[in-house]
Each structure stands twice: as structure tokens, then as C-alpha cells.
J.: 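What follows is a structure written as C-alpha cells; I'll ask about it next.
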Amino acid sequence: MMENILATSDQQVPQRRFAGYSLATLANFAGIMVAGLWASWATTALVEVKEREVVTVELAGMMGAFVEAEARSGNPPEIMKARVERYLKAVEASVNSLSADGRTVLVAEAVIAGSAPDFTETVRKDVARRLEDEAHVRK
């Protein structure tokens, strides 16, 4: 009767190792390190979001009042169009400056309720200043 030689062999299959650790152990360690780094980054990102001030601006009301005033001005359409474009650029620059200062700007008309401060008047004054500055540069 013949015996199965491989079944009775004392030889083990050699495992691949690096610095004394198996590849599975090294892979697990790398996975834990990646998860730890990601958790650290995510925590930092969430803290930065919490630190931003949320404010509202009534953009539709501001723009509607400006367009209505332009419509009553009696200016030719080309002049009205140019003034509205300058106004919209000034509004965009003003809102972008609020955002650059660490604020998240929401359109007030889209906010149902909340305690976010209203920066409409601040933006309105800033837009007026920007338009005046632009008028002085043009002269």
C-alpha cells in the first residue's frame, strides 16, 4: 500500500515576509494608517466648516429694485443694459468678498427660517461704493 507522501511531509510552505512581518499584517497596518490619516483630514475639514459664519443676502430684492429703477430712468436700452451688467458684476464681487472673508452666503429668499445674520444692507452699500469707484475710474 502506498502512502501519500505529501500528506505526511513536515515541510511547510514558506510565507513571504518583510522585516519579519507577513504581507497580510503589513497590508492591515497600511489600511489602518490610511484610515487614520483620512479621519484626521475629515475632522479638520468639518471643524473648518463649523467655523464659517452663515449669512443671508436678499439678492432678488436688491436686483429687482435696481432693474425697476433702471426701467423708470428713461435711458436708452444700451445704457440700461450696460448699467445692469455693471451692477451684477458689483453684486457678484461683493458676495465673493463676503465668501473670501470666511462666510457662507445664502440667498435670503431660499432660507425658510433661521438665525443667520442678514448682510443685505452691507452688500448694498458695498455695491454702491464699487459702482462709485468704477464711475470715478471712467472719468
Side-chain angles (χ1 to χ4, degrees):
M1 180 153 66
M2 198 172 231
E3 289 184 36
N4 186 345
I5 297 173
L6 291 177
T8 60
S9 174
D10 288 338
Q11 288 184 341
Q12 293 184 0
V13 177
Q15 287 187 337
R16 300 185 87 184
R17 295 189 169 281
F18 180 80
Y21 296 103
S22 71
L23 292 180
T25 301
L26 292 173
N28 287 333
F29 180 72
I32 290 170
M33 289 297 293
V34 168
L37 290 173
W38 178 84
S40 172
W41 171 83
T43 301
T44 303
L46 288 174
V47 168
E48 286 176 3
V49 168
K50 282 186 176 183
E51 290 175 354
R52 290 184 65 90
E53 180 183 17
V54 176
V55 299
T56 61
V57 176
E58 282 186 47
L59 291 176
M62 283 177 50
M63 289 186 226
F66 181 80
V67 170
E68 188 177 314
E70 279 301 306
R72 286 183 275 148
S73 71
N75 288 328
E78 317 70 61
I79 293 175
M80 285 187 351
K81 181 181 176 190
R83 287 179 48 92
V84 168
E85 285 177 1
R86 283 196 302 274
Y87 182 79
L88 292 177
K89 285 181 184 176
V91 168
E92 182 179 5
S94 182
V95 169
N96 285 341
S97 73
L98 286 177
S99 179
D101 290 342
R103 294 182 178 97
T104 300
V105 181
L106 301 176
V107 179
E109 293 84 359
V111 177
I112 296 173
S115 61
D118 184 16
F119 270 61
T120 303
E121 202 52 42
T122 303
V123 170
R124 188 173 283 141
K125 288 176 184 175
D126 187 49
V127 167
R129 181 194 56 79
R130 288 173 189 272
L131 292 174
E132 276 183 31
D133 290 350
E134 185 180 317
H136 290 302
V137 170
R138 288 178 169 237
K139 289 183 180 181

J.: Could you grab the distance from atom NZ of K89 to atom CG of L131, nearest 0.5 Å is fine?
T.: 12.0 Å

J.: Between the side chain of S94 and the main-chain N/O of A90, is any donor-acceptor distance below 3.5 Å?
T.: no

J.: Rounded at 0.5 Å granularity, tell me how far CD1 in I32 sits from CG in L37.
T.: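 These two atoms lie 12.0 Å from each other.
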
J.: Could you walk me through whether K81 and E78 pass the side-chain contact (heavy atoms from CB on, under 4.5 Å) test, one step at a time?
T.: CA-CA 5 Å; K81 181 181 176 190; E78 317 70 61; 5.7 Å; no

J.: Applying a strict under-4.5 Å side-chain criterion to I, L, V, M, F, W and Y, I'd like to know whether V105 and M63 cluster together.
T.: yes

J.: Donor-acceptor pair, distance only, cut-off 3.5 Å: does the side chain of S73 make one with the backbone of E70?
T.: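 Between the backbone of E70 and the side chain of S73 there is a qualifying donor-acceptor contact (under 3.5 Å).
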
J.: Assess the residue pair V91 and V57 against the criterion (side-chain contact (heavy atoms from CB on, under 4.5 Å)); give the C-alpha distance rounded to whole Å, side-chain angles, the decisive distance to 0.1 Å, and a yes or no.
T.: CA-CA 10 Å; V91 168; V57 176; over 6 Å; no

J.: So, taking the atom named CG in L106 and the one named CG in D118, what distance separates them when rounded to the nearest 0.5 Å?
T.: 11.0 Å

J.: Any chance you could measure R72, atom CZ, to E68, atom CD, to the nearest 0.5 Å?
T.: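 Going from CZ on R72 over to CD on E68, the span is 4.5 Å.
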
J.: Mind checking the CG-CD spacing from L98 to E53? Nearest 0.5 Å is all I need.
T.: 9.0 Å

J.: Please find the pair of heavy atoms, one from A108 and one from E58, that lie closest to each other, and give the distance.
T.: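 For A108 versus E58, the nearest heavy atoms are CB-CG, 3.6 Å.
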
J.: For T25 and S22, which heavy atoms make the closest approach, and how far apart are they?
T.: OG1-OG, 3.0 Å

J.: Evaluate the side-chain proximity of T122 to V55: yes if any heavy-atom separation is below 4.5 Å, no if none is.
T.: no

J.: Looking at residues at least two apart in the chain, or sitting in another chain, which of them share a ring pair (Phe, Tyr, Trp, His ring centres under 6.0 Å) with F119?
T.: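 For F119, no residue satisfies ring pair (Phe, Tyr, Trp, His ring centres under 6.0 Å) once neighbours in sequence are set aside.
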
J.: May I ask you to list the residues sharing a hydrophobic cluster with M33, side-chain cutoff 4.5 Å, ordered by chain and number?
T.: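 Answer for M33: F29.
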
J.: Does R130 pair with D133 as a salt bridge, N-O distance under 4.0 Å?
T.: no

J.: Show the nearest heavy-atom pair for residues A116 and T56, with the distance to one decimal.
T.: CB-CG2, 3.9 Å

J.: Answer yes if I79 and F66 sit in the same cluster of Ile, Leu, Val, Met, Phe, Trp and Tyr residues linked by side chain heavy atoms under 4.5 Å apart, and no otherwise.
T.: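 No; tracing contacts between hydrophobic side chains, which count when under 4.5 Å, never links both residues.
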
J.: OG1 of T120 to NZ of K125: how many Å apart, nearest 0.5 Å?
T.: 12.0 Å

J.: Evaluate V127 against R124 for side-chain contact (heavy atoms from CB on, under 4.5 Å), listing each step before the verdict.
T.: CA-CA 5 Å; V127 167; R124 188 173 283 141; 5.9 Å; no

